[in-house]
Protein chains: 2
Amino acid sequence: MRNDKAPTMADIARKTGVSPMTVSRAFKSGSLINKDTRDAILKAAEELGYVFDSTASNLRSQKTDFIAVTIPSINNANFADTVGGLSETLSARGFQILLGYTNYDVEEEERLIEQLLRRKPQAIVVTGGKHTPRARRLLENASVPVIETWDVPAEPIGHFVGFSNADAVRSMVDHFVAAGYRRIAFIGGDASRDTRGSDRRLGFIAALDSHGLDASRLIDAGVPPISMREGANAMARLLAEFPDTEAVICVSDLSAFGALTECQRRGVPVPGRIAIGGFGNYEIGGICVPALTTVDAQARQIGERTGRLILDLLDDRPDVPHVTIEPRLIVRDSSR
Amino acid sequence: MRNDKAPTMADIARKTGVSPMTVSRAFKSGSLINKDTRDAILKAAEELGYVFDSTASNLRSQKTDFIAVTIPSINNANFADTVGGLSETLSARGFQILLGYTNYDVEEEERLIEQLLRRKPQAIVVTGGKHTPRARRLLENASVPVIETWDVPAEPIGHFVGFSNADAVRSMVDHFVAAGYRRIAFIGGDASRDTRGSDRRLGFIAALDSHGLDASRLIDAGVPPISMREGANAMARLLAEFPDTEAVICVSDLSAFGALTECQRRGVPVPGRIAIGGFGNYEIGGICVPALTTVDAQARQIGERTGRLILDLLDDRPDVPHVTIEPRLIVRDSSR
DNA sequence: CTACGGTCTGGTAACGATAACGGAGCACGG
DNA sequence: CCGTGCTCCGTTATCGTTACCAGACCGTAG
């Protein structure tokens, strides 16, 4: 079947009649080595079934080509898009993403960060700007670049690539007010664990205040992850508690779609009787009937910009330490 | 700021007056060490800002606690669920998932597998049972467990945790036929890259054949990843090409929902005029109006069972080499 | 003929942790 | 007093690769 010992560079060296050092060079691109020698080495390696050992290489060269990334949940198309953009940008350069899920829990994030740092990544990307004191300390003392994303942290640890969730919601409130809506509610953002969600709710309240409007129509939607089902339940409560509501902004397109379906089940016309806005520009918001007004947070772009920032930093190119993304308001039929 | 050299176990040993070996023991749970000594060591480590170095540990102990996983795309709730189940099962035991995306491309999968194996994972999980010859060889020669998922491979490389996509679709066809539908179409599964999708289409054709029904109402939906938009486009083509169709089965709930929205835009009653079935039991299918009949492929369970299988294998517990998952037909309003 | 730059290859010594082994110290029983 | 078993800790030698430093060889210029 297979040998009990996996072949090493030394085995290839013996078989090819060169030194282990030369074998090493054959596997490293851009090293000074005769083409014939290299070909012979690679051929011998293939014959022996050799598999390069990153573990040893990492230790000796003190670089792992790992980029550590924490996201709240894998089950979220927005974060998935960010990771996708990041992954594509970085894997082209041979980096491997080390992904961890915090489950929207800062304690879990702390554990995760500690675990990830042990792997000696060459940069670490975290979602959000709120951390436990110890997690903060770990990140500050990490001798690699730290990038916070999806937020504009009050006190950035290192770099960040993000946007203001509060400002983004404000742009939608402005749209609703300009469209003539006055009695506006908000669904979600009640879970303190989802800090971006609660930033959106706070932004909603501040925006309504600045328009001189009543900001007390707040409907809870429970713990993250945000679900369509909870959006539907929340809409049911909204219609019961504040029957005269003209428009509702949801913490996410997912809850917005759930809310929309609740209206459909009850025969409540959207936007005729109540207008709906979401957040995140998920695919569903663009295709459901009516299509959802939303804010595109540019999830993929966040990932790409983060990836490029990391490459700049690791290549010692001049970099912009803080990247602010501009979310884009997308007005669709659900609010007109 | 920070020292230019990160502290090592030797530094802690010097500071605490013990040997490096004892420091090592302090960090390994279940080792024989005096409680006071351990506490002193951990305290000194915290003071020095020591971070355990997995790369060195991995090399010496020849185990990385990595589990390599390939999935077609991160942007798919089903695969995300599988990874979620896998991750939860394994991270409780200290394993780290090394995730890679094949982008539905076997060539890319081959590159990815090679790259992942260099990291010396302790097991490798791949999605699907179709691979390039070289990828197959790499997996066969890997000296760690190999688990194929989301499929019942014709020739399993090692273990598998999956189900027959063809059989799963057959159960839905049977439901439609029993409900009285005869002119049944299929949307998607035309892209050979999405092998599970094309298995479903083939299963659809075989099932219709066995019922003595015409299986030529096939609508393409383009390259993966499967999108709601393409589902809507496909439904438009279906209504144009085969206007007398009574029911349609889609390769995924996502295309099914897209198809449903197209019907809504055109005022085509569902299921009154045309019934719709999806696949995968995505959240959306349970909440949209009407809710979608679908097949639950038990994505999360696939991940959990794979995780438990890996733990059994690594702990030398007796294991069931091949786990067959039973997909569950869920009948909802879209087909009744 | 010597000097010199460029290409290619080899020897040696780490990188930082730990497996394996051994030994010290102590308690206990006969 | 010795033998036995247990807890706890130190010494040594790696794990497989590569950074660093030499050095051999070749062609060309002075």
Can we say A:E46 and B:R137 salt-bridge, meaning some charged N sits less than 4.0 Å from an Asp/Glu carboxylate O?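 Here A:E46 pairs with B:R137 in a salt bridge, since their nearest N and O are under 4.0 Å apart.
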I'd like to know if the side chain of [X] and the backbone of [Y] have a donor-acceptor N/O pair within less than 3.5 Å.
{"X": "A:T149", "Y": "A:V126", "answer": "yes"}
{"X": "A:S73", "Y": "A:N75", "answer": "yes"}
{"X": "A:D315", "Y": "A:R317", "answer": "no"}

Using chain B heavy atoms and a threshold of under 4.0 Å, write down where along DNA chain C the contacts begin and end, 5' to 3'.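 First-to-last contact on DNA chain C, by the 4.0 Å heavy-atom rule, is C:dG16 to C:dA20.
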I'd like to compare against my own output: the B/S/- annotation of nucleotides 15-23 of chain D with a strict under-4.0 Å heavy-atom distance to protein. BBBBBB---
Within the 4.0 Å heavy-atom criterion, would you say B:I33 contacts the bases, only the backbone, or no part of the nucleic acid?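 Answer is sugar-phosphate: B:I33 comes under 4.0 Å of backbone atoms only.
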Could you tell me which non-hydrogen atom of [X] sits nearest to which non-hydrogen atom of [Y], and how far apart they are?
{"X": "A:V69", "Y": "A:L116", "value": "O-CD1, 4.2 Å"}
{"X": "B:T64", "Y": "B:K120", "value": "OG1-O, 2.7 Å"}
{"X": "A:P153", "Y": "A:E148", "value": "CG-OE1, 3.5 Å"}

Send over the distance from B:K35 NZ to D:dT7 C1', rounded to a whole Å.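 Atom NZ in B:K35 sits about 16 Å away from atom C1' in D:dT7.
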Between P of D:dC9 and CZ of B:R38, the distance in whole Å: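 It is 11 Å, rounded to the nearest whole Å.
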So, A:S57 versus A:S54: side-chain donor-acceptor pair below 3.5 Å or not?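 On atom types as modelled, these side chains do not qualify, holding no pair under 3.5 Å.
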